[in-house]
Number of protein chains: 2
Amino acid sequence: MARRSDHSREELREMALTAAEKIVVEQGYEGLSARKVAAQIGYTVGTLYLVFENIDDLILQINARTLDRLHARMTQPHANSIDPRDYLVQLGQAYIRFADEDPHRWAMVFEHRLAEDRSLPAWYQEKVARMFAMVEQGLQPLAGRHSQDDVLQASRALWGGVHGICILALSDNLGVAGVDSVQQLTESLIRNYLKGFTGD
Amino acid sequence: MARRSDHSREELREMALTAAEKIVVEQGYEGLSARKVAAQIGYTVGTLYLVFENIDDLILQINARTLDRLHARMTQPHANSIDPRDYLVQLGQAYIRFADEDPHRWAMVFEHRLAEDRSLPAWYQEKVARMFAMVEQGLQPLAGRHSQDDVLQASRALWGGVHGICILALSDNLGVAGVDSVQQLTESLIRNYLKGFTGD
DNA sequence: CACAGCACTGAACGGTGTTCAATAGATTTT
DNA sequence: AAAATCTATTGAACACCGTTCAGTGCTGTG
């Protein structure tokens, strides 16, 4: 029996999340289970429920971390001093690279569906919004005479597009092998879309 | 106990698939279970395993039917006698409409992941390829001086894009409410991409 | 040193996919 | 018609899943 107060709630939470992430990275979404996480950190399943509302909650916390990692990756390209088109391509490619390097972690963000009725908490939606905002800002210099609404719509279409390519590629539904081809597809999508958007 | 030979293997298979589809349509992927399907058709779970290899197999069969339905929907717009651009937009919108009208059925095609190592059977991949082929053909009239490879790549980028918008929209990650807005996004993606692709 | 409080346990519940010895109903043989 | 054979179907069993909560035993307090 793990001693009482060996670890604070916060420590427990941290240990559990780290252990769970390890399982996900190695075995994917399907490989994750409350009992496995508990065993990894030397506690029993009941304890997990003192720290997390339920398994969905735990998954959401991991996905939040994944979104943070992804965001960090996408902050590496710098908007200043390069062509806006190149910047957006770099954003897209950072996204693809992230998904390729850590497919299990990435996939869980999109494979995890919460119960039909329940919706994602605001703080989580915020993290998603933050990524769309990056695209929106990257698109801004190319706005020309487009309205703000147009830019918003374009950023969504564009990012949805990149995401779609990423999904299909990772599930082998694109008949495309290797990251390089996927990167090319992404670049094709972005550059052609932008050509259409800016109208030249 | 259901009488011996009340139904042929083929009838059993048909009954099971129909029952399973009903469950999926009503309750989604998560709501599906071998026992529920068996109960629906008046047999016990063991019998299902005489007809299907396992639950993944059953799901794959349903997904194959879904792909057929989707394909039928996408065959309704006619390539002849309209502008190729309009045709591709119609294809995209048929896709979105299908996903919107039957989200559970559609979602299962993409939510279902088979074990890491196993890959989709050839006859199934064929059905996926058939859909990409439609896009490729729709794109052909706009090929101009592009190589065949370019057209192939463009069709994948384009379709991946439509798919991505569809996914994000259905999981409420686009902050877009209502089918109409999604249709607009799709049209934006396709028309702008095509403008870039054809270069005018 | 006793005791109260509570961190933690782990068995229990109802679910899942999957297997396979046993059964019961149909068919064939006697 | 009865007996024997055959086999489609059963359903209990297994190992897992998420979740709950009465009980246990450690720990800080009085």
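Basis for what follows: all heavy atoms, side chains included, without hydrogens, waters or symmetry-related copies. A note on names: the letters A, B, ... follow the listed sequences, proteins ahead of strands, and every chain is numbered from 1.
Linking Ile, Leu, Val, Met, Phe, Trp and Tyr whenever their side-chain heavy atoms come within less than 4.5 Å puts A:L58 and A:Y29 in one cluster.
With distances taken from any side-chain atom of B:N54 to the nucleotides C:dG10, C:dT18, D:dT19, the minimum falls on C:dT18. Closest to the side chain of B:K36, out of C:dC8, C:dT16, D:dT19, is C:dT16. Of all nucleotides listed (C:dT9, D:dA12, D:dG18), D:dG18 comes nearest to the side chain of A:A34.
When heavy atoms are screened at a 4.0 angstrom cut-off, B:S33 is found touching the sugar-phosphate backbone but no base atom.
Atom CG in A:D56 sits about 13 Å away from atom C1' in D:dC17, given to the nearest Å. Nucleotide C:dG25 holds its P atom 13 Å from the OH atom of B:Y43, rounded to whole Å. The distance from atom CZ of A:R13 to atom P of C:dA7 is 18 Å, rounded to the nearest whole Å. Atom CD1 in B:I55 sits roughly 21 Å away from atom P in D:dA15 (whole-Å rounding). Rounded to a whole Å, the CD atom of A:E53 is 14 Å from the C1' atom of D:dG18. To the nearest angstrom, P of D:dT10 lies 9 Å from CD1 of B:I41. Atom-to-atom, CD of B:E30 to P of D:dC17 comes out at 16 Å; the value is rounded to the nearest Å. As a whole-Å value, the separation of A:L50 CG from C:dG5 P is 19 Å.
Note: B:F197 and B:H146 have parallel aromatic rings, judged against thresholds of 30 and 60 degrees for the angle between ring planes.
Not counting sequence neighbours, the partners of B:R35 by the side-chain contact (heavy atoms from CB on, under 4.5 Å) test are B:S33, B:V45.
For the OP1/OP2 pair of C:dC8 and a distance below 4.0 Å, the side-chain nitrogens and oxygens of A:R9 include at least one atom meeting the criterion. A sub-4.0 Å separation between OP1 or OP2 of C:dA11 and a side-chain N or O of A:R35 is absent.
If B:V45 and A:T47 are placed on DNA chain D by their nearest nucleotide, the residue sitting closer to the 5' end is B:V45.
In this structure, B:K36 does not pair ionically with B:E30, as no charged nitrogen and carboxylate oxygen lie closer than 4.0 Å.
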Requested in this report: Could you please spell out the steps behind the salt bridge (charged side-chain N to carboxylate O under 4.0 Å, His left out) verdict for A:E101 and A:R73?
Outcome: CA-CA 12 Å; A:E101 286 174 13; A:R73 278 300 197 83; 2.4 Å; yes

